[in-house]
4 protein chains.
Amino acid sequence: MGEIAAKARKSIGARRNPESADAILEAAEAVLSEAGYSGFSIEAVARRARAGKPTIYRWWPSKAALLIEVYQRQKRVETPDTGNIEADLAGFLMNLFAHWRDTSSGNVFRSLVAEAQSDAAAAAALADYAKGRRAHTGRMVERAKARGEVAADVDAELVADLVASFAWTHLLTNRLDGEEATIRAAIRYLTCGILKPTERKGVLDPRGTS
Amino acid sequence: MGEIAAKARKSIGARRNPESADAILEAAEAVLSEAGYSGFSIEAVARRARAGKPTIYRWWPSKAALLIEVYQRQKRVETPDTGNIEADLAGFLMNLFAHWRDTSSGNVFRSLVAEAQSDAAAAAALADYAKGRRAHTGRMVERAKARGEVAADVDAELVADLVASFAWTHLLTNRLDGEEATIRAAIRYLTCGILKPTERKGVLDPRGTS
Amino acid sequence: MGEIAAKARKSIGARRNPESADAILEAAEAVLSEAGYSGFSIEAVARRARAGKPTIYRWWPSKAALLIEVYQRQKRVETPDTGNIEADLAGFLMNLFAHWRDTSSGNVFRSLVAEAQSDAAAAAALADYAKGRRAHTGRMVERAKARGEVAADVDAELVADLVASFAWTHLLTNRLDGEEATIRAAIRYLTCGILKPTERKGVLDPRGTS
Amino acid sequence: MGEIAAKARKSIGARRNPESADAILEAAEAVLSEAGYSGFSIEAVARRARAGKPTIYRWWPSKAALLIEVYQRQKRVETPDTGNIEADLAGFLMNLFAHWRDTSSGNVFRSLVAEAQSDAAAAAALADYAKGRRAHTGRMVERAKARGEVAADVDAELVADLVASFAWTHLLTNRLDGEEATIRAAIRYLTCGILKPTERKGVLDPRGTS
DNA sequence: TGCTAATCGAGACGGTACGTCTAGTCTTTTT
DNA sequence: AAAAAGACTAGACGTACCGTCTCGATTAGCA
């Protein structure tokens, strides 16, 4: 695990040493969760992992690449399947908030978003990752459509986008400690809308303006 | 304006020289829009503005403070008032996307969010700013509530939060070029919900789950 | 006096304020004796004296000028007159060593010499001062010549130069704590020479080599 | 030699690159002789040597250390051995004056003395160096004692101290252009004394006062 | 079995930027 | 008219990282 510094490792020959790779990823995670994004430097990771800087650069061409792999090593938040779209989406958000709050994942992801603002590679990787997650999250909506709970012409990924955006923004502005009621209300707006029932003329006609 | 470097300025006595302050803010904006967040350094701003670094540090204790003031110098995106909440919110989002896309504001704000991930002062300033903007955006919802368009128990700021989150996330992942239809659909989900009308049992009862 | 900082003074109108001049000189001396030459800056003096930098620059165009005036405010080491040149010179040296050792004069003079290595004005002032002091010290030799103790063709200023050089060098290399015997021996060499009496062929013929 | 800037150099692995060290020392010497002590900064040396500042700080913790090594790279002035102490000492002084005058050594040594007034490390190094040189110069006197030219109880190092002090002081006050006759006279005083022969009672009894 | 090639930790390299300090100049306000 | 105050440009200070490079050692796989 390497609390302060990993043990010294030697080369295991003309191939990648998985011990080193692990030590580096673990060190990266540790540095990030202890010193935050501002203290996250390749030097610091190398020191912590007892690795040479070139070893890091050999396998991860940039800070972004390292961040991405660290983030992807961590387990994903699963999407619930309760048979009710509102409960599913709210449960997903609450799981996600808790995951970010209680593990180093939140820090890692924040850092990745920050890095993406100055590093094109990180931006591309983040876009890719986000797209995949939207698809994954969207499946909750697809399931609801399949069982007739959600209107057929709803864009599942767009819904996932709205849900994820809410989570991202709360992460990036240190508002992960929101109450459950707030999350439930936000999801309720998304599922049921905010219009007064009497005002509801035509539902889900994205072209019209009513 | 100072395309590459401002003219040399002298002190105007024992008080802040507004010419220098202007030159610095303009230089900061220029550096940000030309070199992006990764090229944005106090040194670069000082060079561009023909200012001494201590002059910058005297008035802006950190990169974050400078970013904040640059952002706040730029004009705000106004909230439309068409008498229809859906048109209002969609119009607001489209204005915001266009503003971020077509001016340097987008770059400035991205940088500010990134900086907030490593600088507590920036985080606090950003939180403050975002809160104010949510209140501002929320007024569109309040107006709709007043005219009976939106249900009375809707949390206007939470709606604004959802709308702004969508915008932020698209900015941070370089998706400002979305089609108008996407924005309209997202807003439509928020106003009318995504549930099938036949499935809609009780609307806007944040406690119940139907 | 101003132990840490002098009291605030106001302008006394369109003429030099002697209180300020005094406060500045005293502050300069204090800074020099407390922080040494390395801590001696115009800024530090201005802070200590509660004076503006321009006030200092108006009256003392450079650090050197300030150093010179500080040094000249301090009392001179007097030349003894015992009727014996050896006792006079040795006494003078011991007085000088003690003066430098026990007051801040040593620090001031060291600083002045150091400053003269990078500032032409200081160099000129130091040259001037040193010339004057050589003449002054040389008077001991002149008196000895007058009373027939020292050979008539001896260059009094050159003797003073040798004596002063010994003192300067000891000051500059932190060797002011030399024993009295060492000083006496050095002076004895100068007065009586180091040659064995039997080897002494012609005395004081600067052209010959014997 | 590198007149304006050395060529770019790369690392030669995890050990000191002597090319860089040389380039830095040469640049330091060049800066010193061209811009003098006041223009001698680590930045200027780094620029001139095409070296990074950290490379300089890695090997020379202070300006003083760099000055010392620059000075010690230069060749020493040798002590003549003519069989006559007066000629030896005068010759040594004239060589030293010429060396300081005609090479950059004078500037380097002046700077070192100046630096020693504000930097303890430089002071220690200078003290050490001076002690060694006094021993070296003193050997001329020891030889003269051995051949019976100089009295046996003369302190050779003290004589060397007097001679060196004269040289140092002339260097530090820009008086290296003194005439040969002055140097010869000064040495003559030291060897033969300045007393009138008739006044010379007891020679070389450092305890008595005559 | 001995050679080649890739990997490892290590750390120096030329650089850029950091945030602080001082230099010396300038201007307004106060006396 | 000069003092006081403090802002101004300019640039050096010493440190932290950047990403690259070379080293010497270690070891797997090929010859």
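Each chain gets a letter, A, B and so on, in the order the sequences are listed, and its residues count up from 1.
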| said: In this structure, how many angstroms lie between the C1' atom of dA12(F) and the CG atom of Asp119(D), rounded? | reply: 16 Å

| message | Using whole Å, what does the distance between atom P of nucleotide dC18(E) and atom CG of Leu66(B) come to? | response | 11 Å

| remark: Here the distance between atom C1' of dA12(E) and atom CH2 of Trp60(D), to the nearest Å, is 13 Å

| note | Taken to the nearest whole Å, CG/Asn17(B) to C1'/dA5(F) is 16 Å

| Where do Ser111(C) and Leu32(C) come nearest, in terms of heavy atoms and distance? | OG-CD1, 3.5 Å

| Selected nucleotide, minimal atom distance to Ser20(D) side chain, candidates dA23(E), dG14(E), dC18(E) | dG14(E)

| Roughly how far apart are Glu29(B) CD and Leu67(B) CG, rounded to 0.5 Å? | 11.0 Å

| said: What is the distance, to the nearest angstrom, from the CD atom on Glu19(A) to the P atom on dT27(F)? | reply: 12 Å

| Length of the NZ-P vector between Lys10(D) and dC23(F), whole Å | 13 Å

| task | Could you please name the option among dA17(E), dG6(F), dG15(E) that lies closest to any side-chain atom of Glu43(B)? | result | dA17(E)

| said: Given the ring of Trp59(D), does Arg15(D) sit roughly above its face, with NZ or CZ under 6.0 Å from the centre of the six-membered ring and within 45° of the axis? | reply: no

| field | Tyr37(D)-Glu115(D) side chain donor-acceptor pair, cut-off 3.5 Å | value | yes

| request: Quick one: label Ser62(C) by what it contacts on the DNA or RNA (base, sugar-phosphate, nothing), any heavy atom closer than 4.0 Å. | output: nothing

| query | Between atom CZ in Arg9(D) and atom P in dG11(E), what is the gap in whole Å? | reply | 22 Å

| note | Closest of dC8(F), dA5(F), dG9(E) to the Arg16(B) side chain is dC8(F)

| request: Ignoring hydrogens and angles, answer whether the base of dA12(F) and the side-chain atoms of Ser41(D) contain a donor-acceptor pair closer than 3.5 Å. | output: no

| task | Using whole Å, report how far CZ of Phe40(A) lies from P of dA16(F). | result | 19 Å

| said: Side chain of Pro54(B) only, heavy atoms from C-beta on: which candidate in dA10(E), dC13(E), dG11(F) is closest? | reply: dG11(F)

| query | Starting at the 5' end of DNA chain F and moving along, which residue's nearest nucleotide shows up first, Ala44(A) or Lys63(D)? | reply | Lys63(D)

| request: For Ala28(D) and Val70(D), work out which heavy atoms get closest and say how close. | output: CB-CG2, 3.7 Å

| task | Can you figure out which of dA7(F), dA10(E), dT9(F) approaches the side chain of Lys53(C) most closely? | result | dA7(F)

| note | Of dC13(E), dG19(F), dT9(F), the nucleotide closest to the side chain of Thr55(B) is dT9(F)

| note | Between Ala21(B) and Gly13(D), whichever has its closest DNA chain F nucleotide further toward 5' is Ala21(B)

| message | Side-chain N or O of Trp59(D) versus OP1/OP2 of dC13(E): is the shortest distance under 4.0 Å? | response | yes

| message | Quick check: closest heavy atoms across Pro18(A) and Ile12(A), and the distance to 0.1 Å? | response | CD-CD1, 3.9 Å

| Minimum-distance nucleotide to Tyr57(D) side chain [options: dG11(E), dG14(F), dA7(F)] | dG14(F)

| request: From the options dA12(E), dC13(F), dA17(E), select the nucleotide whose nearest atom is closest to the side chain of Ile42(D). | output: dC13(F)

| message | Can you see if the side chain of Arg58(B) gets near the phosphate of dA7(F) - specifically, an N or O under 4.0 Å from OP1 or OP2? | response | yes

| field | Phosphate contact (dG15(E) OP1 or OP2) by Arg47(D) side-chain N/O below 4.0 Å | value | no

| task | Tell me which of Gly39(B) and Ile24(A) sits closer to the 5' end of DNA chain E, going by the nucleotide each one is nearest to. | result | Ile24(A)

